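This report concerns only the one structure given below.
When reading the values below, keep in mind they use all heavy atoms of this one structure, side chains included, and skip hydrogens, waters and symmetry mates. Every chain is numbered from 1 and lettered A, B, ... according to where its sequence line falls, protein lines coming before strand lines. Keep in mind that what you see is a predicted model, and the values were worked out from it rather than measured.
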Number of protein chains: 2
Amino acid sequence: MSSDVAHATPKYYLLKTELLGLMAGLRPGTLIPTERALAEKYATSRTTVRQAISELVAEGKLGRIQGHGTFVAPPKVTHVRQLTSFSDDARAQRLRSDSTVLALDVMISDAEVSAHLGLDQGKTVTRLERIRLIEGEPLAHETAWLPGKLPRFKSSLAKAGSLYAVLADVYGIRIAEVEDTVETALAGPEDVRRLGIEMGAPLLVVHRLARDAAGAPVEWTRSAFRGDRFRFVSRVKSGN
Amino acid sequence: MSSDVAHATPKYYLLKTELLGLMAGLRPGTLIPTERALAEKYATSRTTVRQAISELVAEGKLGRIQGHGTFVAPPKVTHVRQLTSFSDDARAQRLRSDSTVLALDVMISDAEVSAHLGLDQGKTVTRLERIRLIEGEPLAHETAWLPGKLPRFKSSLAKAGSLYAVLADVYGIRIAEVEDTVETALAGPEDVRRLGIEMGAPLLVVHRLARDAAGAPVEWTRSAFRGDRFRFVSRVKSGN
DNA sequence: GGTCAACATTGGCATAGACCAATGGTGTTG
DNA sequence: CAACACCATTGGTCTATGCCAATGTTGACC
């Protein structure tokens with residue numbers, strides 16, 4: 001059942017298994033031999049070594065820094081996502097969360113944002129673009145669009161920290177339902193710059209549409225999570 | 001803000017953009033030029049062309065068949081996942097779903113399965129391993145473990161088709177809550193064989209734990225979905 | 001007319017080598 | 001002793017090339 005598979009298994013994949021064995025028992029952060037050293041040790045080319053290492057990096061099992069070396073990666077962070085906000089979710093798991101605001105402005109909605117928020121194109125929307133950090137590490141790039149212009153939004157957000165807390169406490173908007181769409185994507189130059197990952201790294205791209213009790217769209221968000229460091233959990237109970 | 005990015009953008013990434021332009025307007029299935037032809041046209045090496053194409057394949061924008069060529073891929077399938085079963089979800093979207101049973105047996109639970117189902121190790125569990133098809137196309141490999149041994153399970157499943165329908169109608173077990181864990185992974189030789197995808201293709205690996213109204217684990221499932229063809233949607237209403 | 005063998009085409013894997021870019025250490029210098 | 005220039009090391013990108021494996025077509029043969 002598996003011998004014909006073994007026959008067809010390419011060399012770089014065998015090397016991947018070899019490296020996993022080599023990594024076993026090493027603590028996260030430990031440097032493994034250089035690409036050139038591995039190529040010589042396993043009598044192969046650096047190209048083949050790099051293909052093996054690249055996949056292990058994409059899987060979150062190795063990390064690498066140009067000029068420094070390749071090292072065993074820390075385990076994935078599991079993030080429980082419910083009706084709540086990023087910061088609440090993190091706090092519930094005793095994880096230190098933080099966020100950097102890249103942009104907070106009022107703009108005219110484009111076709112995509114309009115469609116999701118159920119607005120006519122050209123309406124005013126508030127945009128909030130942030131980097132999400134867990135334990136000090138950049139984990140996601142997130143852009144949220146909210147219908148209309150929210151008075152004193154910036155100062156409220158600065159004080160409360162959490163978007164959902166501001167919506168509830170300052171504007172009386174309560175999220176009653178969310179719809180998350182999850183898909184895979186590969187990191188481009190923008191993602192590389194913002195998240196400090198490498199080109200082509202797998203991402204979990206989540207689009208969230210949140211509605212209030214009346215079913216009116218309250219928020220539409222695009223989040224790009226690092227697929228190599230992140231695990232997404234959602235709980236659903238009966239009654240939906 | 002973006003000029004320094006452009007400066008650092010590697011050639012294979014520029015080529016990716018170039019290919020996206022070339023693909024625009026082409027119908028799914030249309031062959032694009034061969035790797036060797038593209039290498040010559042854009043005055044680069046085949047290696048670089050392959051790196052660009054490989055990422056587009058991983059993103060689900062291109063597909064390729066050895067000995068045949070590289071073609072524009074069909075759009076992703078959106079799959080809504082709720083408390084319901086795979087077949088119910090698909091039917092709700094007017095998609096033709098099907099599944100192939102690879103294994104259906106009774107076995108002794110290992111450490112991992114025991115832990116998730118809340119059993120002592122070495123207990124009897126029923127295993128159901130299937131390939132899930134949408135519109136005739138393999139979309140996921142799925143293995144479900146259920147506690148104990150279910151009488152007349154095979155014939156019931158053959159008749160009903162849906163696992164959840166069998167649980168409800170034959171055994172009176174109603175799923176009250178599910179917890180899904182989503183993460184990215186890369187396809188290995190097994191996945192390649194079972195799903196007809198290529199080595200290193202991104203996967204969405206979902207672990208689902210389903211419980212009944214009393215909170216007792218009813219089913220633990222590992223599903224590997226093709227990340228290039230699949231989009232995962234979950235809806236959550238308030239009250240959770 | 002159908003069957004099968006041979007062959008050209010196309011993607012898949014791997015090699016060897018070159019140069020660039022980031023990092024970190026070394027040693028000089030103020 | 002601190003700051004800085006230099007340099008070796010290491011990963012990042014790219015080239016050029018060869019052979020293998022799957023596919024599909026062509027043409028010989030029955």
Side-chain angles (χ1 to χ4, degrees), chain A residues 4-19 29-58 62-73 186-189 192-193 196-201, chain B residues 4-19 29-58 62-73 186-189 192-193 196-201:
Chain A
D4 59 336
V5 171
H7 164 265
T9 302
K11 196 168 188 172
Y12 77 86
Y13 196 85
L14 296 175
L15 184 54
K16 253 180 90 171
T17 310
E18 200 68 34
L19 291 177
T30 309
L31 290 175
I32 66 170
T34 69
E35 296 176 351
R36 289 169 177 86
L38 288 170
E40 188 175 8
K41 176 173 178 186
Y42 293 104
T44 183
S45 68
R46 204 182 140 209
T47 310
T48 303
V49 171
R50 275 185 67 77
Q51 186 169 4
I53 289 180
S54 294
E55 293 205 353
L56 290 170
V57 169
L62 287 177
R64 51 186 172 188
I65 299 172
Q66 182 177 155
H68 184 64
T70 305
F71 55 90
V72 179
L186 298 188
V192 167
R193 185 170 50 78
I197 53 182
E198 61 179 51
M199 290 287 295
Chain B
D4 59 335
V5 173
H7 164 266
T9 302
K11 197 169 189 173
Y12 77 86
Y13 197 84
L14 296 175
L15 183 55
K16 253 179 89 171
T17 310
E18 200 70 34
L19 291 177
T30 309
L31 290 174
I32 67 169
T34 69
E35 296 175 351
R36 289 169 176 86
L38 287 170
E40 187 174 9
K41 177 173 177 185
Y42 292 105
T44 182
S45 69
R46 205 183 137 209
T47 310
T48 303
V49 171
R50 275 185 67 79
Q51 186 168 4
I53 289 181
S54 295
E55 293 204 354
L56 290 169
V57 169
L62 287 177
R64 51 186 173 187
I65 299 172
Q66 181 176 155
H68 183 65
T70 305
F71 54 90
V72 179
L186 298 189
V192 167
R193 184 169 51 79
I197 53 182
E198 60 179 54
M199 289 288 294

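Looking at residues two or more places apart in sequence or on another chain, you find a side chain to side chain contact (heavy atoms under 4.5 Å, CB included) between A/Ser45 and A/Thr47, A/Thr48. Contacts of A/Glu40 classified as side chain to side chain contact (heavy atoms under 4.5 Å, CB included), with partners at least two apart in sequence or in another chain: none. In terms of the side chain to side chain contact (heavy atoms under 4.5 Å, CB included) criterion, residue partners of B/Thr34 (sequence neighbours excluded) are, by chain and number, B/Arg36, B/Ala37.
Between C/dC13, D/dC14, C/dT15, one nucleotide has an atom nearer to the side chain of A/Thr44 than all others, and that is C/dT15.
Distance A/Leu38 CG to C/dA16 P: 16 Å, rounded to the nearest Å. Rounded to whole angstrom, the span from the CG atom of B/Leu14 across to the P atom of D/dC14 amounts to 8 Å. In this structure, OH of A/Tyr12 is placed 5 Å from P of C/dC13, rounded to the nearest angstrom. Distance NZ (B/Lys16) to P (D/dT13): 12 Å, rounded to an integer number of Å. Distance B/Glu55 CD to D/dG12 C1': 13 Å, rounded to the nearest Å. If you take OH of A/Tyr13 and P of C/dG12, they are 18 Å apart, rounded to a whole angstrom. Atom CG of A/Leu15 and atom P of C/dC13 are 14 Å apart (whole Å).
In terms of heavy atoms, B/Ala52 sits closest to B/Leu19 at CB-CD1, 4.3 Å. In terms of heavy-atom proximity, A/Ala73 sits nearest to A/Gly63 at CB-N, 4.1 Å. Of all heavy-atom pairs spanning A/Leu38 and A/Pro33, the tightest one is CD1-O, 3.7 Å. Residue A/Gly29 comes nearest to A/Phe71 through the heavy atom pair O-CB, 3.6 Å, listed as atom of the first residue, atom of the second, then distance. The minimum heavy-atom distance between B/Gly200 and B/Leu186, with the atom names listed, is O-CD2, 3.5 Å.
Taken residue by residue, residues 46-53 of chain A places heavy atoms nearer than 4.0 Å to DNA chain C at A/Arg46, A/Thr47, A/Thr48.
The shortest distance between the side-chain N/O atoms of B/Lys11 and the OP1/OP2 oxygens of D/dG12 is not below 4.0 Å. A sub-4.0 Å separation between OP1 or OP2 of D/dT10 and a side-chain N or O of A/Arg64 is absent.
The structure places CD1 of B/Ile32 at 8.0 Å from CG of B/Leu56, a figure rounded to the nearest 0.5 Å. Atoms CD and CG, on B/Glu55 and B/Leu15 in that order, are 10.5 Å from each other to the nearest 0.5 Å.
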Contact letters for nucleotides 5-10 of chain C, in which S counts primed atoms plus P, OP1 and OP2 and B counts the base, heavy atoms under 4.0 Å: -----B

Would you tabulate the pairs of protein nitrogen or oxygen atoms and nucleotide nitrogen or oxygen atoms of nucleotides 5-7 of chain D closer than 3.5 angstrom?
none

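Looking only at atom types and distance, the side chain of B/Ser54 has a donor-acceptor partner in the side chain of B/Arg64 under 3.5 Å away.
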